[in-house]
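Below is one structure; the comments refer to it alone.
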Amino acid sequence: ASVVPAAEVKGKAGGFTGLYSIGAYARRPDGTARVAVLLMQDLPTAVFIETGRQALDQGLVAILLGSDAFFEQARERAAS
C-alpha cells in the first residue's frame, strides 16, 4: 500500500464520554487534498480519555489521510 506524505494536516476533534470524532484534511505536496472524518462510539471511559490525551486520533487520521489503499477501498465501498 502506498502512503503519500502530507505537506499539511489540519483537524478538529471533540466528543463526550463514549463518543469521539475527528474531522481532518491533508494537503499533499502535489497540491491535491483529502478529507477524512472518524467517528468512534461506545468507547470505554479510559480509552476516551487516553485518545484525547495522547492524540491517538490525530496519528490515526494522519496515517489514513496518507494511505492510497484506504481511499481506494472507501471509493469501492461507496460505489457498491
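Numbers here simply count residues along the sequence, with the first being 1. Just so it is clear, the structure is predicted and the values come from calculations on it, not from any experiment.
Here the straight-line distance linking atom OG of Ser21 with atom CD of Gln41 works out to 11.5 Å at 0.5 Å rounding. Put simply, CG on Leu65 and CG on Leu38 are 8.0 Å apart, with the number rounded to the nearest 0.5 Å.
Tyr25 and Val61 are members of different hydrophobic clusters when ILVMFWY side chains are connected at heavy-atom separations under 4.5 Å.
Side chains of Leu64 and Phe71 form no contact here, defined as non-hydrogen atoms less than 4.5 Å apart. Between Leu19 and Phe16 there is a side-chain heavy-atom pair separated by less than 4.5 Å. Side-chain atoms of Val47 and Met40, non-hydrogen and from C-beta on, never get closer than 4.5 Å to each other.
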Item to check | side-chain contact (heavy atoms from CB on, under 4.5 Å) between Leu60 and Ile22, worked out | outcome: CA-CA 10 Å; Leu60 176 58; Ile22 182 171; over 6 Å; no
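Crowding of Arg77 atom CZ: a count of heavy atoms from other residues, nucleotides or ligands under 6.0 Å not exceeding 12. Applying the 6.0 Å contact sphere to CD of Glu76 captures more than 12 heavy atoms from other residues, nucleotides or ligands.
Counting all heavy atoms, side chain and backbone alike, Ala33 lies closest to Arg27 at CB-NH1, 4.2 Å. Of all heavy-atom pairs spanning Tyr20 and Ala13, the tightest one is OH-CB, 3.6 Å.
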